[in-house]
Amino acid sequence: MVIKSPALGAPSSLRRVHRSLALREIFHAPGISRVELADRLGLSSMAIGRIVRELWHAGLIGETEPAGVALGRGRPASSLELLGDGAFVVGVVLSAYAQEATLLDLRGQAVANRPIQLDDISDGERTVAQTCAAIDQLIDAAGVDRRRVAGVGFCVAANVDTERRLVMGGGYLGWEPLDLGASAARALALPVSVEKVADTLIRAESFFGCARESRAVVLLHAATTLGMSFSFNGERFHGAHFHAGRIGHFPARRTRLICSCGQSNCLNCSASGWSVLAQLGVLDSPAYRPEQVRHYAREIHKRVDPAAGGEDVDARTARVLGKAGAALAQALVYLELTFDPDLVILAGSLARNEAYFTGFLEALRAAAPSEPDTECKIVRGGITPVHGAGLVALLDHVLSPSLDLRGLAGEAFDDAEAAERRGHG
């Protein structure tokens with residue numbers, strides 16, 4: 001198995017790859033023994049011993065010797081687990097629906113959260129500067145050793161060149177092209193990864209969530225606007241220009257609305273949260289306005305998510321939501337025929353609404369080809385964008401060949417390594 005690392009190139013050095021694979025196995029199987037770890041990775045006991053010592057010296061794993069008889073002539077089978085305070089990452093979401101940062105520990109658990117106060121979300125450069133200041137405040141308030149913060153993951157509602165960490169254009173947010181990765185890395189002095197919302201969620205669900213056992217996954221993100229991501233065996237499809245997944249601009253029925261792209265027949269005009277607001281008579285203009293994105297999100301939140309403190313969904317709103325969900329299902333029929341997924345994940349604020357989800361399912365059953373042998377599973381995503389951004393940062397900067405052990409542990413790691421070399425000398 002080859003793990004790609006932006007910091008080191010692909011493939012990375014074999015030793016670092018083995019170390020990252022070991023961390024991932026321990027993450028998913030806390031309490032795993034050295035013998036089991038060696039067997040799963042196909043490595044020798046000597047190689048596993050070296051990896052375990054490195055991770056232990058860096059403060060990333062704990063090791064417990066069980067009571068009982070040793071296995072054969074060797075040492076007893078030890079129990080390995082990640083130490084929550086061994087490393088931390090920060091996840092950030094910048095979308096119409098949310099602007100917040102969360103601090104996650106090595107086990108992927110949220111430690112602290114902070115809303116990000118923005119003057120004008122449509123000003124990309126200023127938004128990044130204010131976000132980085134909020135991240136610094138979050139880390140300081142949590143009392144975490146800055147050296148133990150391994151990286152930051154940004155989840156943004158924009159077109160993103162993931163490899164170069166560039167925002168190529170944020171039509172929904174109104175951003176101009178922006179080198180978000182470089183700007184944030186300079187401001188924070190930390191490694192940074194950048195993904196669009198749908199890609200963030202599909203990566204998080206594929207490693208940590210409902211898609212772990214699936215090969216071909218389609219994720220639809222239905223919120224203020226619509227987005228999509230597709231992965232096969234863990235590899236996402238970006239397209240030649242990183243424009244893949246623009247399902248919101250799929251041609252659909254013509255409406256009186258005007259999408260951010262200038263068209264009136266986009267799926268955004270009939271299946272998005274913005275279109276729902278228009279159908280309910282909430283908007284004062286038929287045109288999508290980037291400067292109004294936070295207003296759109298607040299109104300959607302209030303109308304479709306009563307569990308979050310919004311209003312009860314009345315019959316008229318439920319009908320409009322059901323029709324919007326049905327419109328999205330029509331597009332999914334073509335995606336199923338094209339990608340043949342074994343799992344479809346519906347995520348976003350609209351996905352949490354029963355009327356929208358029911359409308360989506362009923363229309364899909366009515367329109368989908370009758371092929372029971374190839375029928376895919378449809379679920380609602382359980383990972384939020386901000387948590388997903390943190391989990392992606394964990395994947396990219398800790399459970400990764402790019403992990404800098406000396407950067408995390410400092411002199412303690414060097415001293416332990418030197419002592420071990422003397423012991424073998």
task: Give a yes or no on whether the backbone of Ala271 and the side-chain of Tyr356 come within a donor-acceptor separation of less than 3.5 Å.
output: yes
- prompt: Which atom names give the shortest non-hydrogen contact between Arg165 and Ala185, and what distance separates them?
  reply: NH1-CB, 4.1 Å
- request: Hey, could you give me the CG/CD1 distance between Leu80 and Ile61, rounded to the nearest 0.5 Å?
  value: 5.0 Å
task: Quickly, which of Val398, Leu394, Leu391 forms a side-chain contact (heavy atoms from CB on, under 4.5 Å) with Leu104? Name it, please.
output: Leu391
query: When you look at Leu403 and Arg16, which way does the side chain to side chain contact (heavy atoms under 4.5 Å, CB included) test go after all the steps?
result: CA-CA 8 Å; Leu403 173 64; Arg16 288 185 172 225; over 6 Å; no
message: Keeping Thr255 on the side-chain end and Ser264 on the backbone end, is there a donor-acceptor pair under 3.5 Å?
response: yes
task: Determine the minimum heavy-atom distance between Cys266 and Cys261, stating which atoms define it.
output: SG-SG, 3.3 Å
task: Please list all pairs passing the ring-ring contact (aromatic ring centres under 6.0 Å, His included) test where one or both residues lie in residues 110-153, with sequence neighbours left out.
output: none
message: Show, in sequence, the C-alpha distance, side-chain angles and deciding distance for Arg289 and His295, and conclude whether the side chain to side chain contact (heavy atoms under 4.5 Å, CB included) test is met.
response: CA-CA 10 Å; Arg289 294 178 174 175; His295 169 67; over 6 Å; no
task: Check the pair Glu205 / Leu343 against side chain to side chain contact (heavy atoms under 4.5 Å, CB included), numbers first and verdict last.
output: CA-CA 11 Å; Glu205 295 284 9; Leu343 180 69; over 6 Å; no
query: Which pairs with one or both residues in residues 207-231 pass ring-ring contact (aromatic ring centres under 6.0 Å, His included), sequence neighbours excluded?
result: Phe27-Phe208, His28-Phe207, Phe230-Phe339
statement: Applying salt bridge (Lys or Arg N to Asp or Glu O under 4.0 Å) to Asp120 and not counting sequence neighbours gives none
task: For the residue pair Val197 and Cys155, establish whether any side-chain heavy-atom pair is separated by less than 4.5 Å.
output: yes
Value rounded to 0.5 Å, distance of OG1 in Thr358 from CG in Asn353: 8.5 Å
By salt bridge (Lys or Arg N to Asp or Glu O under 4.0 Å) - contacts of Glu362 (at least two apart): none
query: Is Arg114 reaching over with its side chain to a backbone N or O of Ala101, donor-acceptor style, under 3.5 angstrom?
result: no
query: Heavy-atom distance under 4.5 Å between the side chains of Arg294 and Leu118, does that happen here?
result: yes
Contacts of type ring pair (Phe, Tyr, Trp, His ring centres under 6.0 Å), residue His18, not counting sequence neighbours: none
query: Do Leu106 and Leu23 touch side chain to side chain, with heavy atoms closer than 4.5 Å?
result: no
- request: With the side chain counted from C-beta on, respond yes when Thr225 and Val293 share a heavy-atom pair under 4.5 Å apart, and no when they do not.
  value: no
Validation row: Leu201, His387 side chains within 4.5 angstrom (heavy atoms): no
message: I'd like to know if Arg147 and Asp145 make a salt bridge, using a cut-off of under 4.0 Å between side-chain N and carboxylate O.
response: yes
Aromatic plane relationship, Phe357 with Phe360 - under 30° parallel, 30 to 60° tilted, over 60° perpendicular: parallel
query: Between Trp175 and Val167, what is the shortest heavy-atom contact and its length?
result: CE3-CG1, 3.8 Å
message: Determine whether a donor-acceptor pair (N or O, by modelled atom type, separation under 3.5 Å) exists between the side chain of Glu299 and the backbone of Trp274.
response: no
field: Leu321 versus Ala355, closest heavy-atom pair with distance
entry: CB-CB, 4.0 Å
query: Taking side chain as C-beta onward, heavy atoms only, is Val217 less than 4.5 Å from Ile345?
result: yes
- prompt: Below 4.0 angstrom, N of the basic side chain to O of the carboxylate: do Asp136 and Arg146 qualify?
  reply: yes
query: Just how far is it from atom CG of Leu219 to atom CZ of Arg203, taken to the nearest 0.5 Å?
result: 13.5 Å
task: Mind checking the CZ-CG spacing from Arg380 to Leu346? Nearest 0.5 Å is all I need.
output: 8.0 Å
field: Exceeds 12 heavy-atom contacts within 6.0 angstrom, atom CZ of Phe232
entry: yes
query: Do you know which two heavy atoms are closest between Ala112 and Ala142, and how far apart they sit?
result: CB-CB, 4.3 Å
- request: Give a yes or no answer on whether the side chain of Glu81 reaches the backbone of Pro30 with a donor-acceptor pair at less than 3.5 Å.
  value: no
- request: Kindly say whether Val218 contributes a backbone atom to a donor-acceptor pair with the side chain of Ser229 at under 3.5 angstrom?
  value: no
task: Taking all heavy atoms of Cys259 and all of Tyr288, pick out the closest pair and write down the distance.
output: C-CB, 4.1 Å
task: Output yes when a side-chain donor or acceptor of Asp105 lies under 3.5 Å from a complementary backbone atom of Ala87, and no otherwise.
output: no
task: For Ala331, enumerate each residue passing the side chain to side chain contact (heavy atoms under 4.5 Å, CB included) test, keeping only those at least two apart in sequence or located in another chain.
output: Ile247, Phe250, Leu267
Separation of Ile48 CD1 from Arg40 CZ (nearest 0.5 Å): 11.5 Å
message: To the closest 0.5 Å, what do you measure between CG (Leu94) and OG1 (Thr127)?
response: 7.0 Å
- prompt: Is there a side-chain contact between Phe242 and Asn159 (heavy atoms, below 4.5 Å)?
  reply: no
message: Whether the side chain of Ser95 engages the backbone of Ala98 through a donor-acceptor N/O pair (distance < 3.5 Å, no angle test) should be reported.
response: yes
- prompt: Does Glu195 pair with Arg236 as a salt bridge, N-O distance under 4.0 Å?
  reply: yes
Note, Leu399 side chain near Ser20 side chain (heavy atom, < 4.5 Å): no
query: Is there a donor-acceptor contact under 3.5 Å from the side chain of Gln263 to the main chain of His249?
result: no
query: Hey, mind stepping through Val282 and Tyr296 against side chain to side chain contact (heavy atoms under 4.5 Å, CB included) and telling me if it holds?
result: CA-CA 9 Å; Val282 175; Tyr296 298 155; over 6 Å; no
query: Has the side chain of Asn268 got a donor or acceptor atom that lies under 3.5 Å from a matching backbone atom of Leu226?
result: yes
- prompt: Salt-bridged, Arg53 to Glu63, with N to O below 4.0 Å?
  reply: no
